[in-house]
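Below is one structure, written out as structure tokens, with a few remarks after it.
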Protein chains: 2
Amino acid sequence: MAQDRAPTRIQKKNRAAILEAALEVFSQHGFRGATVDQIATAAGLSKPNLLYYFPSKEAIFKELLSGLLDTWLAPLHALDPQGDPMEEILGYVGRKLQMSRDYPRESRLFANEIVQGAPRMIDSLSTDLKNLVDEKVQVLEGWMAEGRIAQTHPRHLLFSIWSLTQHYADFDVQVRTLMGDEDPFTAAPAFLDTLYRRMLTPER
Amino acid sequence: MAQDRAPTRIQKKNRAAILEAALEVFSQHGFRGATVDQIATAAGLSKPNLLYYFPSKEAIFKELLSGLLDTWLAPLHALDPQGDPMEEILGYVGRKLQMSRDYPRESRLFANEIVQGAPRMIDSLSTDLKNLVDEKVQVLEGWMAEGRIAQTHPRHLLFSIWSLTQHYADFDVQVRTLMGDEDPFTAAPAFLDTLYRRMLTPER
DNA sequence: CGTGAGTTTGACCAGTTGGTCAAATCGAAG
DNA sequence: CTTCGATTTGACCAACTGGTCAAACTCACG
């Protein structure tokens with residue numbers, strides 16, 4: 001078994017390959033629907049070999065989740081209280097949409113988990129995510145109180161950003177089925193930009 | 001085996017119980033994550049007894065899906081080309097939100113399936129749903145051309161309605177974790193109403 | 001080289017799962 | 001209350017799945 005010392009060249013390569021393969025398989029089939037054999041094959045390893053690097057299927061999944069949560073929350077972290085409110089929010093929306101385009105598997109991994117009640121994520125949600133959201137909600141409330149953006153329910157505003165942007169990753173099949181040849185990500189940025197600009201511009 | 005003639009009293013009762021149980025179990029665990037035994041127990045039957053009414057797990061799932069799709073699309077069907085555009089759209093949003101509140105399991109069932117690539121639904125999507133959407137997109141385009149609602153991408157507008165409303169059902173755990181005691185459905189109607197009113201009111 | 005830690009694997013195991021089947025039981029019409 | 005189709009079930013099976021293990025192999029390093 002891999003010991004506590006510095007990881008070997010092979011260890012680094014294989015652990016990375018496993019996590020990449022696990023992301024692919026878990027995001028497509030969910031935790032229960034994925035098999036260790038599938039992941040091993042996708043990583044170019046035998047099942048026992050994979051289990052030499054990770055003690056169990058659950059361990060792979062947990063490591064994936066915790067490793068990805070930070071990446072996922074980074075755009076919200078970057079929302080700057082000192083910046084221009086409208087630019088900050090539109091920037092956040094844009095970055096979130098970009099992530100749906102660039103990292104759809106990550107989005108679907110979380111979607112799968114949360115739709116099923118987030119049995120393995122509920123802790124992170126009620127601590128890390130909740131703290132971050134509480135913090136940014138205060139920022140939004142400040143902006144609204146100052147009249148720099150229109151008054152709305154800040155939490156629902158955040159939910160709306162998440163749902164609108166992640167929809168393009170999570171419901172990709174449906175979206176593409178209904179858009180035909182047109183790439184959804186062509187018109188989406190302008191659509192969301194207009195939506196939030198109209199919604200958040202203070203009444204004159 | 002149940003024959004082609006009129007269904008018995010017992011047949012009716014048990015098939016209904018099975019479908020109800022299947023909705024509960026499938027929506028929580030997805031197709032692969034659900035077991036026939038779980039469904040049978042939830043329906044108050046033994047596994048072989050359940051399989052006396054449905055030939056396979058897959059058959060139960062498919063019947064559930066096709067039976068539910070109509071219900072799910074009904075609110076969009078009801079969008080009346082003759083009505084007042086803003087009222088029609090806001091009404092549609094309201095009805096869709098109501099469905100997320102009243103039928104969250106149905107919403108999660110579809111979400112689960114679509115996130116995983118809709119392997120058992122893609123046909124219905126590309127026929128029934130596509131036709132309905134194409135039809136209603138024309139209605140929306142007509143309203144926009146007449147200047148009765150603001151100009152936007154009609155398909156993205158529909159996507160936005162679906163994602164914003166279904167989010168409250170599909171991501172229920174997350175939403176409730178972040179809202180604490182406050183019921184999400186208290187403020188959601190007003191939030192969405194304002195959002196679409198601001199977004200779709202034509203420039204004066 | 002040689003050697004020991006690091007890596008890989010075939011064989012295997014126990015538990016789960018979807019599904020079958022013959023036999024037993026039930027229920028409604030005569 | 002009999003009878004026959006409808007219903008229910010215990011026992012069973014084959015395939016699959018997560019995980020183990022001892023033996024074999026590989027590789028970096030002295």
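What you are looking at is a predicted structure, and each value in this text was computed from that prediction instead of being measured. By convention in this document, chain letters (A, B, ...) are assigned in the order of the sequence lines, proteins followed by strands, and residues within each chain are numbered from 1.
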Criterion side-chain hydrogen bond (donor to acceptor under 3.5 Å, both in side chains) on B/Ser163 and A/Tyr168, from CA distance to verdict = CA-CA 9 Å; B/Ser163 74; A/Tyr168 291 101; over 6 Å; no

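- At its two ends the helix from C/dC1-D/dG30 to C/dG30-D/dC1 runs along axes set 10° apart, each axis drawn from five pairs and the angle rounded to 10°.
- Between the NZ atom of A/Lys12 and the C1' atom of C/dT7 there is a distance of 17 Å, given to the nearest Å.
- Both A/Ile10 and B/Ser56 lie close to DNA chain C; mapped to their nearest nucleotides by heavy-atom distance, the more 5′-ward contact belongs to A/Ile10.
- In this model, the phosphate group of C/dT17 is not approached by any side-chain N or O of B/Arg32 to a distance below 4.0 Å at OP1 or OP2.
- Separating the CG atom of A/Leu51 from the C1' atom of C/dC12 is a distance of 14 Å, rounded to the nearest angstrom.
- A salt bridge links A/Arg105 and A/Glu20; the closest N-O separation between the charged side-chain nitrogens and carboxylate oxygens is under 4.0 Å.
- The CZ atom of B/Phe54 sits 15 Å away from the P atom of C/dT20 (whole-angstrom rounding).
- Dashed line: the shortest gap from a side-chain N or O of B/Asn49 to OP1 or OP2 of D/dG10 is not under 4.0 Å.
- The shortest distance between the side-chain N/O atoms of A/Asn14 and the OP1/OP2 oxygens of C/dT8 is below 4.0 Å.
- For D/dT9, one of the phosphate oxygens OP1 or OP2 lies less than 4.0 angstrom from a side-chain nitrogen or oxygen of B/Ser46.
- Between B/Lys13 atom NZ and C/dC26 atom P there is a gap of 14 Å when expressed in whole angstrom units.
- Rounded to whole Å, the distance from CD1 on B/Ile60 to P on C/dG19 is 8 Å.
- Relative to the ring axis of A/Phe54, A/Arg15 places its NZ or CZ within 45° and under 6.0 Å from the centre.
- The base of D/dG18 sits with one of its N or O atoms less than 3.5 Å from a complementary donor or acceptor on the side chain of A/Lys47.
- A straight line from CD of A/Glu58 to C1' of D/dT17 spans 15 Å, rounded to a whole angstrom.
- Counting all heavy atoms, side chain and backbone alike, A/Gly33 lies closest to B/Arg32 at CA-CG, 3.3 Å.
- Residue A/Tyr52 has no polar side-chain atom (N or O) positioned under 4.0 Å from OP1 or OP2 of C/dT8.
- Atom CZ of A/Phe26 is separated from atom C1' of D/dG18 by 12 Å (rounded to the nearest Å).
- Contact annotation for A/Ala59: no contact, since no heavy-atom pair falls under 4.0 Å across all strands.
- Of all heavy-atom pairs spanning A/Arg108 and A/Ala169, the tightest one is NH1-O, 2.7 Å.
- Under 4.0 angstrom from either OP1 or OP2 of C/dT7 there lies at least one side-chain N or O belonging to A/Gln11.
- A/Glu182 has no carboxylate O lying under 4.0 Å from a charged side-chain N of B/Arg155, or vice versa, which leaves the two without a salt bridge.
- Expressed to the nearest 0.5 Å, how far CG of B/Leu125 lies from CZ of A/Arg176 amounts to 14.5 Å.
- Atom CZ in B/Phe61 sits about 16 Å away from atom C1' in C/dG18, given to the nearest Å.
- No donor-acceptor contact under 3.5 angstrom links the side chains of B/Tyr92 and B/His77, judged on distance only.
- Between A/Arg9 and C/dG6, a side-chain N or O to OP1/OP2 separation shorter than 4.0 Å is absent.
- Among D/dT7, C/dG10, D/dA11, the nucleotide with an atom closest to any side-chain atom of B/Thr8 is D/dT7.
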